[in-house]
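Comments concern the structure below.
Order of appearance sets the numbers: ligands from 1, and atoms from 1 within every ligand. Throughout, residue positions are numbered sequentially from 1 according to the sequence presented.
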Amino acid sequence: MRVVPMEYGKLLSASTTSSLWNPRRKLLKAHNFKFRIEAQTHRTSQVGIAKPTNLTHLDIQGFDWPSPTDEIPFWKKQFPSWDVNSELPSQQTKDSKLMDIVHVTAEMAPIAKVGGLGDVVTGLARACLSRGHTVHIMLPFYECIQKHQINNLTLITTYNSYHDGNWIPTNAYHGQVSGIPVIFIEPSNQFFKGHQVYGGSYNELEAYLFFSRACLEWMQVTGTQPDIIHVHEWQVGALPILYWDMYHYLSLKKPRIVLTIHNMEHYGECRQEQLSMCGLDGSLYATFDKAVDDRTVGHNPERLSLLKGGIVYSNAVVTVSPTYLKETLCSGWLSSTLLRNHDKYFGIVNGIDTTMWNPSTDVFLPSNFDVKNSEGKKLCKYYVQRGLGLTSGDHLTETTLKVPLVICITRLVAQKGLHLITHAIKQVEELGGQMIILGKASDHRVEREFEDLADSLNQGPSIRILLMYSEELSHLLYAAADIVLVPSMYEPCGLAQIIGMRYGAVPVVRKTGGLADTVFDIDDQSNHEMANGFVFEGIDEASLNFALDRAFACYRNKPEEWNCIVKKVMKMDNSWNITAGKYIEIYESVAAS
Ligand code: ADP
């Protein structure tokens, strides 16, 4: 663990920010999961250290295997160092025109990650850094951020930023996370306090309105003028409006704005008087061509959509896959706005950071592996099976390893196809496989439903439902899995299938959004070259069964073909190397000359 920098240590004792110091609180909360285990021995082994990888030569008695009765679950053991990721992805050539890019975002992996947004911001920023660009991320200084994951955290600016008639004293800190310079914005009010990124006991919309303005205010007071301000999602949808209608008339002239929409489910519904809290006259934006939420037209009062305002006021708008772009032009409340702005609307499929997601170096794995030497994957599978009690006894048998292991790692929300996830549990059991779900629900009813399922199934021989968020466990599961299931109702891009493939798990997905752009059916003879998984189209159980059945049949009956698919998916280049270039083209096309 890294030592907290002196500057920050001093600040803690000298200011009221001491309540920020709560490392591990988030993890402890995550520990409250529904897989009941009895306390037994306490093991302190380190995982992630190179271990023998050939199972046939492996003395499994000598290996420190986890058990469901371990007091400390295997994914919480002491891992070498979290910050393996400060090394940037290797990039041979630098771009010819170098730009200054600032991302403004509500999430960033790994310190403030809830879903794919955090991965994408970090991955894209690192890819652009490695191409030679200057990149910063601006992030709210959430109370839940674990400070030991930030390098050289230093207070750099104290300033005031406007909110609802008052100027709020605000601190800006600078630190390095995963090799990226980050500016943390910390208001002195209650905003961003709490144990998690979202769901604190403050008004989230107002907090993000404050944050949007506070980022521009910081640029103004420090004279920072990047070429590109890249905003993400509805949370900072007001920033493009604030920029063009306020700060551009003050001192900020150079920046141009790019908005990425990662998911159109949330429009950023906003009352006119709430928008006024950030210093704009909210009533001026309640028009069809600006930010009125089209669903509320004709109602009294008409409301605003921050996402719509962001689309209208940004110089370019990107969404995270070409198919999702088409889907969003055809349906949804924003389709007419997007159609009107079609010329500046682009679909770029997300990449993954292949340095951060790398089975050959991943510090969370008991054994590393790659496409040439995949024996370590077997060890990871057995390790997870042992740790979760999915083996019969302590002896490694061929049968244990041969059981197809399906994983599903997801936020448990309707979008992700909850009815198909619960159906998959039954189907996998019936097919004689094993399934592990790692998921977190924000809705209490969904949480209860999955808790009930966990209570009835987690003691059995084949299903484990782990209701928590754990980055470490997600790495272990991707490495252990034979199949990664993503049965989403809609999916703007989806990262689980891309990460799964990198770790040798074959995807079974529903054909929608970015899943349709990244997974192609093995049995589609017309697209043999791209074929890399099992795809279904319907939202019914029979459609899912059809894909799962074919995957199981291939795994069991055609092991050589299966191994070829595993090798193929591991070799695919889904890194940011390719897709970051498309973002750079967009940055260049909008940057002020
Ligand atoms: P979304 O952004 O809609 O949540 P994505 O597939 O784009 O979906 O990204 C999800 C990211 O969050 C992936 O990196 C996935 O591994 C991770 N993730 C989702 N749920 C969990 C969880 N319960 N624990 C750990 N990681 C999770």
Side-chain angles (χ1 to χ4, degrees), residues 26-27 29-35 73 75-76 85 105-124 178 196-198 232-235 260-266 319-321 324 348-354 356-358 362 364 407-418 421 436-442 446-447 450 454 464-481 484-503 505 507 509-510 512-515 517-519 574 576 579:
K26 200 169 147 195
L27 269 183
K29 194 172 162 57
H31 185 41
N32 181 21
F33 63 99
K34 276 275 163 184
F35 175 57
W75 61 92
K76 286 184 185 294
N85 305 320
T105 174
E107 285 185 41
M108 171 189 188
I111 55 167
K113 170 177 162 181
V114 177
L117 167 62
D119 286 314
V120 171
V121 170
T122 301
L124 177 59
S178 301
Q196 43 200 15
V197 170
Y198 302 128
H232 298 266
E233 296 291 64
W234 69 267
Q235 287 97 338
T260 294
I261 308 176
H262 300 255
N263 191 332
M264 258 168 256
E265 188 186 354
H266 302 290
T319 196
V320 289
S321 68
Y324 190 58
I348 302 179
V349 79
N350 286 332
I352 55 167
D353 190 312
T354 45
M356 298 173 97
W357 294 104
N358 185 352
D362 194 320
F364 301 131
I407 58 155
C408 182
I409 301 178
T410 183
R411 293 182 296 121
L412 292 170
V413 293
Q415 174 204 336
K416 301 294 180 180
L418 296 177
I421 294 174
I436 304 168
I437 296 173
L438 172 62
K440 190 143 168 46
S442 42
V446 175
E447 193 175 26
F450 277 86
R464 296 293 178 266
I465 300 169
L466 307 170
L467 299 177
M468 61 177 152
Y469 182 91
S470 167
E471 189 72 20
E472 295 85 344
L473 184 53
S474 76
H475 285 241
L476 283 152
L477 295 185
Y478 286 120
V484 54
L485 174 67
V486 192
S488 305
M489 295 297 95
Y490 75 92
E491 191 58 77
C493 179
L495 292 178
Q497 81 283 8
I498 302 179
I499 301 168
M501 288 194 277
R502 173 107 172 118
Y503 283 66
V509 307
R510 192 168 162 266
T512 177
L515 299 172
D517 292 331
T518 52
V519 183
N574 284 309
W576 277 108
T579 40

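- Nearest protein heavy-atom contact of atom 14 (O) of ligand 1 is D119 OD2, 2.6 Å.
- In terms of the side-chain hydrogen bond (donor to acceptor under 3.5 Å, both in side chains) criterion, T410 has no residue partners (sequence neighbours excluded).
- Ring pair H232/H262 is tilted by interplanar angle, where 30° to 60° counts as tilted.
- Under a 4.0 Å heavy-atom criterion, Q497 is not in contact with ligand 1.
- The shortest N or O to N or O distance between Y478 and ligand 1 is below 3.5 Å.
- For atom 18 (N) of ligand 1, the closest non-hydrogen atom on the protein side is I409 CG2, 3.9 Å.
- Looking at ligand 1, you'll find an N or O of M468 within less than 3.5 Å of one of its N or O atoms.
- At least one N/O-N/O distance between R411 and ligand 1 falls below 3.5 Å.
- Listed here is the closest heavy atom pair of N358 and Y503: N-OH, 3.1 Å.
- Contact analysis puts G439 in contact with ligand 1, with a non-hydrogen atom separation below 4.0 angstrom.
- Look at K416 and you'll find a heavy atom under 4.0 Å from some atom of ligand 1.
- Using a 4.5 Å cut-off on side-chain heavy atoms (C-beta onward), P110 and S178 make contact.
- I352 places a side-chain heavy atom less than 4.5 Å from the side chain of L495.
- Pairing each heavy atom of W357 with each of S474, the nearest pair is CH2-OG, 4.0 Å.
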